[in-house]
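Bear in mind that the values here come from a model prediction, so they are computed numbers and not experimental data. Chain identifiers are assigned alphabetically (A, B, ...) following the order of the sequence lines, protein sequences preceding nucleic acid strands; residue numbering begins at 1 within each chain.
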Protein chains: 2
Amino acid sequence: MKSTQVIAALEALAQEHRLAAFRALVQAGPQGLTPSVLSEKLGLPAPTLSFHLAQLRHAGLVSVTRDGRSLIYAADYDAMSGVVDFLTENCCAGAACAPASCAPAAKPKEKTHETPARARRRA
Amino acid sequence: MKSTQVIAALEALAQEHRLAAFRALVQAGPQGLTPSVLSEKLGLPAPTLSFHLAQLRHAGLVSVTRDGRSLIYAADYDAMSGVVDFLTENCCAGAACAPASCAPAAKPKEKTHETPARARRRA
DNA sequence: TTCATATTTCCATAATTATGGAATCGTTAT
DNA sequence: ATAACGATTCCATAATTATGGAAATATGAA
């Protein structure tokens, strides 16, 4: 996954209402939820919610399908998985950041480094 | 980890320069890097970098210590781990989103749901 | 058709975030 | 002291994002 995609996803999730919406969609599972249900659940006016859902959609985190007059938004698990993988591989010290469910690896050693200034001070 | 903290962390990482800085710090390991080194590495003017490092700091993703005239920024692995855990637990379908390094669990079943409109249409 | 419902787009406004030069602060060397 | 260095804060400006009412669009019902 490219870092620009990851940034888009993080940007999308880094907002109270969007994170809440996404969590609700994850909870709802593959069958998803309609904007009106989400609007009710989250207490957001329709245009505001629509704006946020569009953000999530553009970030590739949710998909939309139509069912009659309703749209159905559903979480894209693969996309989310990609984000988590990126963070785990690039932004954690490898295995050190694996979820608790995995056999926890040792944290990177705290080898206190010899900095120039410290050496100078001692001398 | 509270969702407000997670949002702060995602917000911090959802920016090109900050994500790059954080990745560099993760790569650098516990001994960290100074702003001048980062400034060089990322090609950012000092005040701009300082601004972004402050964001990362406020989000709790990096720590700062002083060594002589230099400051030393280091990635906070625990914080990052907390973020990944939150995303894995709350924003993926549980095990479905675990990193590839873990035994991959089955994806949530795509049980195509019976929506009201679909039922109506058939009737 | 005409009407009602679900949702989005449009738009103006408010609020937040990013940028980088100039000035400032803390630390070390002379 | 004073100079030099590393880094931050200050500040004005530009750019982006969020908000929600009003209007428009699409679909299905009467």
Side-chain angles (χ1 to χ4, degrees), chain A residues 4 7-22 24-25 32-59 61-74 115-123, chain B residues 4 7-22 24-25 32-59 61-74 115-123:
Chain A
T4 54
I7 289 175
L10 294 177
E11 211 171 342
L13 293 174
Q15 211 276 356
E16 185 189 351
H17 300 318
R18 288 196 293 266
L19 183 59
F22 188 74
L25 290 177
L33 295 174
T34 64
S36 33
V37 168
L38 274 171
S39 174
E40 169 75 18
K41 212 187 261 280
L42 306 179
L44 288 179
T48 298
L49 175 65
S50 186
F51 167 79
H52 288 305
L53 287 176
Q55 305 282 110
L56 288 171
R57 193 155 41 74
H58 291 138
L61 289 170
V62 305
S63 61
V64 213
T65 54
R66 183 175 279 277
D67 176 49
R69 306 188 238 213
S70 298
L71 294 183
I72 295 187
Y73 283 84
T115 61
R118 239 181 295 227
R120 236 175 296 120
R121 217 176 298 124
R122 206 182 39 256
Chain B
T4 54
I7 288 174
L10 294 177
E11 212 171 340
L13 294 175
Q15 210 276 357
E16 185 189 351
H17 300 319
R18 288 197 293 268
L19 183 60
F22 188 74
L25 290 176
L33 295 174
T34 64
S36 32
V37 169
L38 274 172
S39 174
E40 170 74 17
K41 212 187 261 280
L42 306 179
L44 289 179
T48 299
L49 175 64
S50 188
F51 167 79
H52 289 306
L53 287 176
Q55 307 280 110
L56 289 170
R57 194 155 41 75
H58 291 137
L61 289 170
V62 304
S63 61
V64 214
T65 54
R66 183 175 276 277
D67 176 47
R69 307 186 239 214
S70 299
L71 294 183
I72 295 186
Y73 283 84
T115 60
R118 238 179 295 224
R120 236 175 294 122
R121 216 175 300 125
R122 206 183 39 256

query: Quick one: are Arg18(A) and Phe51(A) in side-chain contact, heavy atoms under 4.5 Å?
result: yes
Separation of atom [atom1] in [X] from atom [atom2] in [N], rounded to whole Å:
X        : N       : atom1 : atom2 : result
Leu53(B) : dG6(D)  : CG    : P     : 16 Å
Leu56(A) : dT8(C)  : CG    : P     : 12 Å
Leu49(B) : dG6(D)  : CG    : C1'   : 12 Å
Leu71(B) : dT27(C) : CG    : P     : 10 Å

- prompt: What is the nucleic acid contact for Ser39(B), judged by heavy atoms within less than 4.0 Å: base, sugar-phosphate only, or nothing?
  reply: nothing
task: Name the nucleic acid region contacted by Ser36(A), choosing base, sugar-phosphate or nothing; use a 4.0 angstrom heavy-atom cut-off, strictly under.
output: sugar-phosphate
- request: Show the numbers, then the answer: is there a side chain to side chain contact (heavy atoms under 4.5 Å, CB included) between Ile7(A) and Glu16(B)?
  value: CA-CA 7 Å; Ile7(A) 289 175; Glu16(B) 185 189 351; 4.2 Å; yes
query: Can Lys41(B) and Leu33(B) be said to form a side chain to side chain contact (heavy atoms under 4.5 Å, CB included), step by step?
result: CA-CA 10 Å; Lys41(B) 212 187 261 280; Leu33(B) 295 174; 4.1 Å; yes
task: List the atom of Ala59(B), the atom of Ala8(B), and the distance in Å for their closest heavy-atom pair.
output: CB-O, 3.6 Å
field: Phosphate OP1/OP2 of dT8(D): any Tyr73(B) side-chain N/O under 4.0 Å
entry: yes
message: If the cut-off is 4.0 Å, is Ser70(B) near the phosphate of dT27(C), judged by side-chain N/O to OP1 or OP2?
response: no
N/O donor-acceptor pair under 3.5 Å between Ser39(A) side chain and Leu44(A) backbone: yes
message: Working note: Leu25(B) + Leu38(B), criterion side chain to side chain contact (heavy atoms under 4.5 Å, CB included); need CA distance, chi angles, decisive distance, verdict.
response: CA-CA 9 Å; Leu25(B) 290 176; Leu38(B) 274 172; 4.0 Å; yes
- request: At under 4.0 Å between heavy atoms, which parts of nucleotides 14-26 of chain C does protein reach? Answer with one letter per nucleotide, 5' to 3': B base, S sugar-phosphate only, - none.
  value: ---SBBBBB----
